[in-house]
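Working notes, beginning with the structure itself.
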Amino acid sequence: MPSTEELLKRLGVSIDPETLRLALTHRSYAYEHGGLPTNERLEFLGDSVLGYAVTDHLYRTYPDLPEGDLAKRRSAVVSTRALAGIARSLEVGQHILLGQGEQLTHGADKSSILADTMEALIGATFLSEGPDAAGALVMRLVGPLLVDVEQLGAGTDWKTAIQEIAASRKLGAIEYVIVGSGPDHARVFEATLNIGKTPYGTGTGPSKKEAEQEAAAVSYRALVPAEAVGPVGPVASR
């Protein structure tokens, strides 16, 4: 298991060792080791901290937006896909304590497990450093996504965005090459987006649709200058 010191440096926070280990303990590992505590309570706490921090930021930043638009923006940056993308960019997966079954089915790259662990890490930060540090962590993590949401619109359909840019630049035909792995009850899909037979980005997810959307998002950021869409988002290529 890689040292967690590098993970804490990437997060920019200090979490005491016991709480950090708990945040990284998936229920599959806990079950196989005699019923240890899991990260699910920290996940519950982190989910609330995440929602509050993003809601507070949106409410104060966009005083004229109606409730419906605020809700769409919030959902776009606290979704499982968004949180999993953040976790991948921080290489959180290699630090998660998983049971053998989850290890065999690539649990360290499952969007649901990654997203839950990110929420647990936010909760762990809240306990170790307090609400201000936890809120600051949330904004560092989702800041690039909020820029994307502002400039591209909440709930952006990345596949449609790719189609439009590929057509405008006459880049060629779009093709998603998908590979599935794992048992039927826990399939993980990897999609590679080729435009004009050139690969641009890869995404993963529990469904073909989610993998394709992530591959399209990665590819869009590869095609469009960073200053046009804000900082590189959390679903950047691994």
Side-chain angles (χ1 to χ4, degrees), residues 1-8 10-56 74-142 145 182-188 204-207 210 214 234-235:
M1 181 69 63
S3 169
T4 55
E5 291 183 7
E6 286 300 317
L7 174 60
L8 290 177
R10 290 193 289 271
L11 288 169
V13 298
S14 296
I15 301 174
D16 71 83
E18 184 177 348
T19 305
L20 178 59
R21 182 177 178 83
L22 181 60
L24 296 170
T25 301
H26 186 258
R27 63 177 177 271
S28 61
Y29 180 91
Y31 176 79
E32 290 183 8
H33 289 77
L36 297 172
T38 75
N39 64 1
E40 291 177 349
R41 283 173 55 86
L42 283 176
E43 174 196 337
F44 171 79
L45 175 61
D47 176 66
S48 296
V49 175
L50 171 68
Y52 172 80
V54 172
T55 299
D56 181 63
R74 180 178 60 192
S75 66
V77 300
V78 302
S79 67
T80 295
R81 187 176 71 185
L83 292 174
I86 292 171
R88 291 188 180 102
S89 72
L90 295 171
E91 300 180 0
V92 170
Q94 63 181 316
H95 299 283
I96 303 174
L97 299 173
L98 297 167
Q100 292 185 356
E102 285 293 353
Q103 291 181 38
L104 291 174
T105 57
H106 307 287
D109 196 44
K110 289 181 180 177
S111 292
S112 59
I113 291 178
L114 288 170
D116 290 347
T117 304
M118 280 308 310
E119 290 180 339
L121 287 168
I122 293 169
T125 301
F126 182 92
L127 291 182
S128 293
E129 291 203 294
D132 290 343
L137 171 62
V138 168
M139 296 316 301
R140 287 199 302 275
L141 295 176
V142 306
L145 278 182
D184 291 341
H185 69 280
R187 295 286 280 174
V188 176
T204 61
S207 69
E210 288 190 45
E214 186 170 305
V235 288

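Positions are given from 1 along the sequence.
Looking at T19, its side chain never comes within 3.5 Å of a backbone N or O of I15 through a donor-acceptor pair. At least one donor-acceptor pair under 3.5 Å links the side chain of S207 to the backbone N or O of E210. When atom types are taken as modelled, the side chain of E32 and the backbone of Q100 share a donor-acceptor pair closer than 3.5 angstrom. Side-chain atoms of E119 do not come within 3.5 Å of backbone N or O of D47 as any donor-acceptor pair.
Counted within 6.0 Å of CZ on R10, heavy atoms from surrounding residues, nucleotides or ligands total more than 12; the atom is thus considered enclosed. Surrounding CZ of R187 are more than 12 heavy atoms belonging to other residues, nucleotides or ligands, all under 6.0 Å away.
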Exercise. Between L83 and L50, is a side chain to side chain contact (heavy atoms under 4.5 Å, CB included) present by the stated rule, with each step listed?
Worked result: CA-CA 10 Å; L83 292 174; L50 171 68; 3.9 Å; yes

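For V77 against A82, the heavy-atom pair with the smallest separation is O-CB, 3.8 Å. Scanning both residues, I86 and L141, for their nearest heavy atoms gives CD1-O, 3.6 Å. Closest non-hydrogen pair, A23 versus L121, comes out as CB-CD2, 4.0 Å. Between N39 and L22, the shortest heavy-atom distance links the atoms CB-O, 3.0 Å. Taking all atoms of both residues into account, the shortest heavy-atom contact from A87 to M118 is CB-CG, 3.5 Å. A pairwise comparison of heavy atoms in A30 and T38 identifies CB-CG2, 3.6 Å as the closest pair.
For the residue pair T204/R88, the side-chain donor-acceptor check at 3.5 Å is satisfied. Side-chain contact check for S128 and D16: at least one donor-acceptor pair (N or O, by modelled atom type) lies under 3.5 Å.
Distance check, rounded to the nearest 0.5 Å: CG of L104 to CG of L98 gives 10.5 Å. Atom CD in E6 sits 12.0 Å away from atom CG in L90 (nearest 0.5 Å). If you take CD1 on I96 and CG on L24, they are separated by 7.0 Å, rounding to the nearest 0.5 Å. Separating the OG1 atom in T55 from the CZ atom in R74 is a distance of 4.0 Å, to the nearest 0.5 Å. Taking NE2 of H95 as the start and CG of L8 as the end, the distance is 8.5 Å to the nearest 0.5 Å. Considering CZ of F44 and CG of D116, their distance stands at 13.5 Å, rounded to 0.5 Å.
Exactly one residue among H26, R21, E102 makes a side chain to side chain contact (heavy atoms under 4.5 Å, CB included) with L97. That residue is R21. Each of L145, V49, V138 was scored for a side chain to side chain contact (heavy atoms under 4.5 Å, CB included) with V54, with one residue passing: V138.
Using a 4.0 Å cut-off between charged side-chain N and carboxylate O, R27 and E43 make no salt bridge.
Looking at heavy atoms from C-beta onward, L11 lies in side-chain contact with L137 at the 4.5 angstrom threshold. V188 is listed as a side-chain neighbour of K110, based on a closest heavy-atom distance under 4.5 Å. The shortest side-chain heavy-atom distance between T25 and E40 does not fall under the 4.5 Å cut-off.
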